[in-house]
Structure formats: C-alpha cells, structure tokens
Amino acid sequence: MRDPSALPLDQYQDRLNRFLENYCHRAADSGWRRDKAVRDTGPFTASLQGGEWQGKDHGTHAPVVIWYSPEMADWLSEYRSDGESTDEEAPPVPDGAIMVKEMYPAPASRCNDVDPLKLYPTNGAAIMIRDNDASHDGWYWGWYGFGEGSGWAPDWPPAPTNPMPNQGFAQYCMNCHASAEDNLTFASPSNIEGEPGEPLTFLSQDFFEAPAPSARHREVALPDDEVHRLGTPHYRSDQELLEALRALSDELPDWDSVSKMPSQTYDNTWVGAGGPDASDEFLTSSQCLGCHDAGSTGLQFDMTQPNPHGDDLFNLSPYATWRSSPMGLAGRDPFFFAQLASETQTFHPEEPGMVEDTCLGCHGVTGQRQFHIDQYAETESCPDFRRETVNAVPWPDDHPGVENAQYGALARDGISCTACHRMALGEETEDALSQPENACVEERQALLNPDNSGFAKTFTGSFPVRPPDS
C-alpha cells in the first residue's frame, strides 16, 4: 500500500480501497497519529438571504482531520518543529509516508465535541502517498469516498462519463500544493495531537443552524445527474446534431454500433522522477487544467460568464477554449480518422506507415514526437508512428500495446499545450535539431519540405522545440 507505482492503477486502488474502507489509517497501535480536532481550512461566512441565514465555506478543502502515518508524523515533528518552515538540512519526505485528509461538512464547529474516531467522513478524504521514484513531484494524489454512496470508484476501467481520474501521479491537487515552500505540503506538527502549538484558525460565523453547504468536490467533480458541469465531457452525441445528420443519411451509425476512442480517463502523463528531461518533453493537458481551466477544483470562476441561453456558465478559460477548438479535438476527430483510413486503405495502401506518421505528426503531434524521441534514444531510428498506437491504453495490463499507453494518451490529446508552448523560434532554433528533444524532426523536414529553407522548412508540423526545462 505504501508503494503506489508498484502496481497498475486499478490493482493499486483496489488495495488502497481495502485499507481505507476498514479505517486502517486510524490505527493508533500502528503508530498513526491525527490532528487535534476537526479544523476549518478557510473562513466560514454567513449572509441573510430571503429572511434566512445562509453559510458559505471558503476553505481550500472542506473541514478536515488529517491522519498521518508514522513516517509522516516523525518527519513533520523533526523538520517542521517551528510549525512552518523546513530545516534546510531536511531530507525529502520519505517514501511510503501517507496523509489521509478526512473531510467533513462546514463549519468545523459542528464536530468540535465529537471524538474523530466516531466521525464518518461524509465528504471523503484527500490522500497523499509519497513515492519519490514515480514522478518528479514525488506524490500519489487522490480523492477517496467512503461507502457505496460516496461516488468513488476505481478509475480503471473508466466510468461512462469518461472523467479525469480521481487518483494518480501529478494530479490537479498540485494547482494549490505547488505553492508550498517545500515537499508540496503545508502540513504542520502544530495541528497534530500531542504536539505543541495550536492549529491555524479562521473566521467562522457559525451562530446559526442551517443545512450544511454541499461539498465543493462533489459539485465540481462528481456529477450524479444530467447537469453538464464545467470540465465534464459530453459522452453522447448531441441529439439535434444527430437529427440533422439523419436527414442526410438513413443509415447513420448509432452510439452503440461505432468503435469508440479510448476514454480520456487514460489521458494523463507526468514528469518522471529526476526530470524533466527529453523523455518528458511533451505532457498531456491534464497537467495544465488545474490552473488554466475554470472550476477545475471549484476555483477560477472569474474565467466564466453567464450563458444568456441557459442557466449554466460559459467556460472562457484557456483550457476550455482550446479543448473545444479544432486543435483540442485533433486527436479525437472522427472525420480526420475516417479520412486517414481512406488514405491508407484506398489511396495509398502501399505506404500506410508513412501516411499515418505524416498525418499524426500534426493531429497527434505530442504522441508522435515523444514516441520518436524515446525510440531514437533507444535505437537511433525513426520508426513510423502508427494509427493503432493512438488506441494504446494502460488497462488491462495485458492489453495489446500497453507499453505505448503514454504515446496513445499524448496523441489523443491533440495539438495540446506543450506542442505549441515548447516551439523554438528565432535564435532558439540554432543547433536545436541536434538536441534529443528534436529527434527525427530533420528527417521529417527532408521528407515534407525538401525544397524549402529557413522558416518554411518547419511547415507541416516540422518545427523544432525547446528543451523540457526551458
């Protein structure tokens, strides 16, 4: 349980589920420790609306009680003894250290007089498990729900709504935790039972009794009805569009008869431990949406405006406007893949590999590029990036092509963030083609732009990119 990268995600989550559902993290006899009491993570304010008091929680999480594994508690006690900064000589948080952040309805004062051992985490738990060798940030992150009605389920196989995963490495949790002074955690021993000091307190206007406000995570990440929330993809075709298409064809395939692209739940890559290096040149947009999408964690609603035609919000964030654009859909566009099939099966059956590599060099650019970077580093060759690789997924672990799941995830992400934001321009292009992050680009330029020079040599997806740490 202390080694998240040792198993495929579905197998690890099954093991983690058995540990948490039996409340093993509350085992004081095994050295686990907890916060002094349920505590707010931000202000709780009251307002009078329609003659009734309404409360609003402004915490970064719902009120919490954190449970610390022995390694985590010991590290905090030794290296954060002042409750804030870390000793300059401190080693990283050790592998296997765990924090389970149980969450409860606001305000925390509802639970002040109750022993945390007798509380049921109605809002689930945010978890952090240290694994320094698995990713650059060194943590396995996630949200876990207790009980069948919590809305939590293992991420693999994906749910019908194709959500982003609830757990894994380099999760959106970092959009807040990245601002921690070190080790991506704000944890303080002053919160822990038996340690000196008092937890940080916030304004709490808890003078009235009212229904608890709904949990932010459930509102944003766990829709359980037909409401299309921010960040939640449509998983069925729009009915009006279908009717319009049926006017043109009496034999239009329906949802159940067409082959489907793999779920976006699988589309998550991250910077490996010790990176970034050329093997991390390109990442999926899941690494960007935590800050650049409106409402990704219940925040950033300044990037929205009311929909004049409905009761929802228009998401005007950089992520949303990109994701709904031709570039954001390039790796999943059915018209593109239909055309690609006709090119390889009808017009150029003698060279399907060359055709697929050429077309996916734009439509699946980050997968194609990362595939070439890694292949060239291993074999000094530039094999074709094929259509079947776009369908590669990590589950089940005996799935054909599972070793290419990273490249499939990147390709399905389309012309995504790092494809453009890593472009080398002007003076940056000097000697760029000789660098490992531009493996096979020169060969592509020679194939597609043999008579061009200068900037024109980079046309048709043949541009060089900057190093991953630039």
Side-chain angles (χ1 to χ4, degrees), residues 8-14 16-17 21 123-124 141-168 171-172 214-243 245-246 252-269 284-286 289-290 293 295-298 310 312-313 315 319-320 323-324 328-329 331-335 337 390-402 405 408-414 416:
L9 184 61
D10 59 320
Q11 297 177 34
Y12 177 74
Q13 288 182 339
D14 175 69
L16 181 66
N17 177 46
E21 73 176 351
N123 292 25
W141 309 84
W143 176 83
Y144 175 82
F146 295 84
E148 293 182 0
S150 68
W152 183 85
D155 290 306
W156 296 352
T161 52
N162 300 309
M164 300 304 292
N166 274 315
Q167 296 184 20
Q171 292 288 291
Y172 61 79
S214 57
R216 174 175 292 158
H217 188 279
R218 179 170 293 281
E219 288 180 338
V220 176
L222 296 172
D224 54 8
D225 52 34
E226 295 302 316
V227 177
H228 181 63
R229 289 176 169 83
L230 294 172
T232 306
H234 288 295
Y235 65 98
R236 291 188 180 276
S237 300
D238 181 89
Q239 290 301 310
E240 292 184 2
L241 174 62
L242 285 178
E243 293 302 324
L245 291 174
R246 286 195 178 98
L252 188 70
D254 60 21
W255 170 260
D256 296 317
S257 65
V258 298
S259 87
K260 302 171 182 62
M261 294 289 289
S263 171
Q264 72 161 356
T265 304
Y266 296 126
D267 296 354
N268 184 44
T269 66
T284 51
S285 58
S286 60
L289 66 81
D293 185 23
S296 56
T297 50
D312 56 356
L313 297 173
N315 187 339
Y319 175 81
R323 173 51 82 195
S324 57
L329 299 171
R332 291 179 172 274
D333 180 2
F335 294 98
F337 284 106
V390 180
N391 281 352
V393 294
W395 182 89
D397 53 7
D398 59 353
H399 185 276
V402 67
L410 287 164
R412 294 189 298 270
D413 213 30
S416 58

Qualifying residues under side chain to side chain contact (heavy atoms under 4.5 Å, CB included), relative to [X], sequence neighbours excluded:
| X | answer |
| --- | --- |
| Ser286 | Met164, Asn268, Thr284 |
| Asp155 | Leu9, Gln13, Pro165, Asn166, Gln167, Thr265 |
| Asp397 | Pro8, Gln11 |
| Pro396 | Asp398, His399 |

For [X] and [Y], work out which heavy atoms get closest and say how close.
| X | Y | result |
| --- | --- | --- |
| Gly145 | Trp152 | N-CB, 3.3 Å |
| Ala392 | Gly401 | CB-O, 3.4 Å |
| Pro262 | Val393 | CB-CG1, 3.4 Å |
| Pro157 | Tyr266 | CA-OH, 4.2 Å |
| Trp143 | Gly151 | CZ3-C, 4.4 Å |

Problem set entry | Stepwise side-chain contact (heavy atoms from CB on, under 4.5 Å) check, Tyr172 with Asp293 | CA-CA 11 Å; Tyr172 61 79; Asp293 185 23; over 6 Å; no
Exercise. Judged by atom type as modelled, is there a donor-acceptor pair below 3.5 Å linking the side chain of Asp413 to the main-chain atoms of Ser285?
Worked result: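 Flag set: sc Asp413 to bb Ser285 pair under 3.5 Å.
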Return the [atom1] to [atom2] distance between [X] and [Y], rounded to the nearest 0.5 Å.
| X | Y | atom1 | atom2 | result |
| --- | --- | --- | --- | --- |
| Glu21 | Glu148 | CD | CD | 9.5 Å |
| Asn162 | Lys260 | CG | NZ | 10.5 Å |
| Leu329 | Arg412 | CG | CZ | 14.5 Å |

Exercise. Under the side chain to side chain donor-acceptor pair (under 3.5 Å) test, which residues partner Trp156, sequence neighbours left out?
Worked result: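 Result, side chain to side chain donor-acceptor pair (under 3.5 Å) vs Trp156: none returned.
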For this session: Could you tell me which residues satisfy side chain to side chain donor-acceptor pair (under 3.5 Å) with Tyr144, sequence neighbours excluded, listed by chain and number?
Result: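 Listed in chain order: Asn17.
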For this session: Would you check if Arg332 and Asp267 make a side-chain contact, meaning some heavy-atom pair closer than 4.5 Å?
Result: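 Counting from C-beta outward, Arg332 and Asp267 do come under 4.5 Å.
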